[in-house]
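A quick write-up on the structure given underneath.
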Amino acid sequence: RWVLSLQCKGSRNFMSALRRAVEVDFKDKDKHKSQGLYLLTTGIPDQETHTISAYVAEVCRGFDLQLHVCLFSVMEDVDSNGIIPARYANPTETAIALKEIVQAANGRFHWFGEAGIFESDDISVIVSEMEKANNYSQKVLFICIFLSYVF
């Protein structure tokens with residue numbers, strides 16, 4: 001269920017957008033089986049990471065929801081309107097901060113850019129499952145070879 005699209009023009013005031021989404025859209029949380037918020041961003045929020053993480057952990061626990069973040073890394077430090085954000089971090093620092101926020105919210109983190117996917121919790125899970133399947137198939141092959149020698 002898609003409820004609200006928030007755009008913070010000229011800033012990355014994450015706390016304001018989150019408060020608005022939670023207060024407006026999750027009033028009727030008992031009517032819905034699951035709730036999730038998706039943050040699509042190109043940079044670090046204006047507020048400090050530890051402040052957001054604490055707030056997100058409290059809100060997500062209270063509403064039984066998850067916050068998922070999609071970070072799109074762009075090459076320029078200034079947005080298309082020429083506005084410099086209130087808080088700056090390089091792409092790696094931004095990813096680390098957003099991952100901390102996502103972990104506080106039991107959500108998933110995805111980081112991509114013009115060059116492709118840098119990191120994705122969903123892809124990591126899929127790769128892990130593929131590695132397990134490969135490991136099991138190698139064990140089965142070893143058992144089959146062993147049994148062929150025995151019998």
Side-chain angles (χ1 to χ4, degrees), residues 1-8 12-15 17-22 24-26 28-80 85 87-151:
R1 180 174 164 262
W2 294 91
V3 182
L4 179 65
S5 173
L6 296 172
Q7 182 180 9
C8 301
R12 294 186 181 120
N13 191 342
F14 175 79
M15 293 289 280
L18 181 63
R19 281 189 193 113
R20 215 162 118 203
V22 171
V24 172
D25 294 320
F26 295 100
D28 301 322
K29 65 179 173 145
D30 296 333
K31 296 180 184 178
H32 312 292
K33 289 185 179 181
S34 64
Q35 299 289 337
L37 292 173
Y38 289 83
L39 171 64
L40 309 175
T41 186
T42 58
I44 196 160
D46 288 346
Q47 295 82 17
E48 292 295 325
T49 303
H50 66 275
T51 303
I52 295 172
S53 293
Y55 181 75
V56 163
E58 180 182 334
V59 167
C60 288
R61 237 188 340 267
F63 287 110
D64 191 27
L65 66 91
Q66 295 176 324
L67 171 69
H68 309 289
V69 173
C70 296
L71 170 62
F72 183 75
S73 288
V74 292
M75 299 307 290
E76 299 177 15
D77 294 338
V78 180
D79 75 5
S80 60
R87 185 169 172 229
Y88 174 80
N90 69 39
T92 302
E93 293 167 338
T94 300
I96 290 168
L98 292 171
K99 280 175 28 178
E100 181 181 321
I101 293 167
V102 164
Q103 289 171 350
N106 293 322
R108 297 186 319 269
F109 177 73
H110 309 286
W111 178 20
F112 59 100
E114 294 143 345
I117 299 169
F118 300 121
E119 182 177 341
S120 171
D121 290 344
D122 291 346
I123 291 174
S124 296
V125 169
I126 291 168
V127 168
S128 174
E129 290 297 317
M130 291 170 59
E131 288 170 350
K132 284 181 194 176
N134 185 44
N135 186 22
Y136 290 138
S137 67
Q138 289 177 358
K139 288 177 182 179
V140 168
L141 177 62
F142 177 75
I143 291 170
C144 290
I145 291 171
F146 176 75
L147 292 175
S148 69
Y149 286 122
V150 173
F151 297 105

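What you are looking at is a predicted structure, and each value in this text was computed from that prediction instead of being measured.
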From [X] [atom1] over to [Y] [atom2], what is the distance, rounded to the nearest 0.5 angstrom?
| X | Y | atom1 | atom2 | result |
| --- | --- | --- | --- | --- |
| Leu67 | Tyr55 | CG | OH | 11.5 Å |
| Phe109 | Leu39 | CZ | CG | 10.0 Å |
| Ile101 | Ile52 | CD1 | CD1 | 4.0 Å |
| Ile117 | His110 | CD1 | NE2 | 9.5 Å |
| Thr49 | Ile96 | OG1 | CD1 | 10.0 Å |

Heavy atoms only: give me the nearest [X]-[Y] pair and the separation to one decimal.
| X | Y | value |
| --- | --- | --- |
| Arg108 | Tyr38 | NH2-OH, 4.1 Å |
| Leu71 | Thr42 | CD1-C, 3.9 Å |
| Gly43 | Leu98 | O-CD1, 4.3 Å |
| Gly113 | Phe118 | N-CE1, 3.6 Å |
| Trp111 | Pro91 | CZ2-O, 3.8 Å |

Any sub-3.5 Å donor-acceptor pair from Gln66's side-chain atoms to Asn106's backbone N or O? yes
Using atom types as modelled and distance alone, determine if a side-chain donor or acceptor of Ser53 lies under 3.5 Å from a backbone N or O of His50.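 Looks like no, no N/O pair under 3.5 Å.
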Are any of the side-chain heavy atoms of Phe14 and Thr41 separated by less than 4.5 Å? no
Any heavy-atom pair between the side chains of Gln138 and Asn134 that's under 4.5 Å? yes
Is it true that Phe112 and Phe72 have ring centroids separated by less than 6.0 Å?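 Phe112 vs Phe72: aromatic centres under 6.0 Å.
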Checking Met15 against Asn13 for the side-chain contact (heavy atoms from CB on, under 4.5 Å) test, could you report, in this order, the C-alpha distance in whole Å, the side-chain angles of both residues, the deciding distance, and whether it holds? CA-CA 6 Å; Met15 293 289 280; Asn13 191 342; 4.1 Å; yes
